[in-house]
Amino acid sequence: GHLLVTDFLRGTVLLMDLDGEVLQETAPMSFIGPTSVQVSDGRLLPAGELFVTSRGVQFETLTGLGDALSVFRTKGNQP
């Protein structure tokens with residue numbers, strides 16, 4: 001089995017095995033403050049694509065960063 005984990009400070013999503021070993025990781029700052037990740041089941045987007053929510057910085061209103069839902073296309077789902 002595998003786990004998908006977000007790293008809020010580094011702005012990444014990690015694929016880990018059940019022993020905690022990192023198998024894959026997105027580039028640093030791919031997301032601004034990611035807080036959760038869910039794999040698409042194919043109903044809204046192709047199966048395997050990732051929905052990533054980002055919280056950003058609380059009370060920061062100037063840049064519009066964070067507070068977003070992003071779609072991350074996995075390698076197998078690239079156009």
Side-chain angles (χ1 to χ4, degrees):
H2 297 100
L3 300 171
L4 282 170
V5 178
T6 61
D7 184 331
F8 184 87
L9 295 177
R10 289 180 35 90
T12 62
V13 173
L14 302 93
L15 176 66
M16 303 174 77
D17 66 17
L18 297 180
D19 292 324
E21 181 179 341
V22 176
L23 304 174
Q24 293 181 342
E25 183 175 9
T26 61
M29 300 313 295
S30 293
F31 308 94
I32 304 298
T35 54
S36 66
V37 60
Q38 177 69 41
V39 180
S40 173
D41 63 5
R43 289 183 286 172
L44 295 174
L45 295 169
E49 292 188 358
L50 305 179
F51 294 100
V52 181
T53 59
S54 296
R55 177 63 182 104
V57 179
Q58 191 171 14
F59 305 118
E60 193 282 320
T61 60
L62 299 176
T63 64
L65 298 175
D67 294 335
L69 175 63
S70 303
V71 173
F72 183 81
R73 288 188 161 82
T74 56
K75 190 172 184 177
N77 288 329
Q78 294 294 322

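Small disclaimer: the values here were computed from a predicted structure and weren't measured.
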Partner set under side chain to side chain contact (heavy atoms under 4.5 Å, CB included) for Leu4, not counting sequence neighbours: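 Per chain and number, Leu4 pairs via side chain to side chain contact (heavy atoms under 4.5 Å, CB included) with Val13, Leu15, Val37, Val39, Leu50.
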
Which residues share a side chain to side chain contact (heavy atoms under 4.5 Å, CB included) with Leu18, sequence neighbours left out: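 Once residues adjacent in sequence are excluded, the partners of Leu18 under the side chain to side chain contact (heavy atoms under 4.5 Å, CB included) criterion are Leu3.
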
Between [X] and [Y], which heavy-atom pair has the shortest distance, and what is it?
X: Pro34; Y: Thr12; result: CG-O, 3.7 Å
X: Ser30; Y: Ala27; result: OG-O, 2.5 Å
X: Gly11; Y: Thr26; result: O-OG1, 4.3 Å

Residue pairs, two or more places apart or on separate chains, that pass salt bridge (Lys or Arg N to Asp or Glu O under 4.0 Å) and touch residues 25-34: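 Applying salt bridge (Lys or Arg N to Asp or Glu O under 4.0 Å) to every pair that reaches into residues 25-34, excluding sequence neighbours, yields Arg10-Glu25.
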
ILVMFWY network linking Leu44 to Val71, side-chain heavy atoms under 4.5 angstrom: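 Linked, Leu44 and Val71 end up in one cluster.
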
Rounded to the nearest 0.5 Å, what's the gap from [atom1] on [X] to [atom2] on [Y]? Could you check?
X: Arg55; Y: Ser36; atom1: CZ; atom2: OG; value: 12.5 Å
X: Leu45; Y: Arg73; atom1: CG; atom2: CZ; value: 6.5 Å
X: Met16; Y: Glu21; atom1: CE; atom2: CD; value: 9.0 Å

Side chain Asp17, main chain Asp19, donor-acceptor under 3.5 Å: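 Here the side-chain-to-backbone pair exists.
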
Validation row: Thr6, Phe31 side chains within 4.5 angstrom (heavy atoms):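 Side-chain contact under 4.5 Å: no.
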
Pairing residues for Asp41 by the side chain to side chain donor-acceptor pair (under 3.5 Å) criterion, not counting sequence neighbours: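 Result, side chain to side chain donor-acceptor pair (under 3.5 Å) vs Asp41: Arg43.
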
Qualifying residues under side chain to side chain donor-acceptor pair (under 3.5 Å), relative to Ser70, sequence neighbours excluded: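 Testing Ser70 for side chain to side chain donor-acceptor pair (under 3.5 Å), a comparison that skips the adjacent residues, returns none.
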
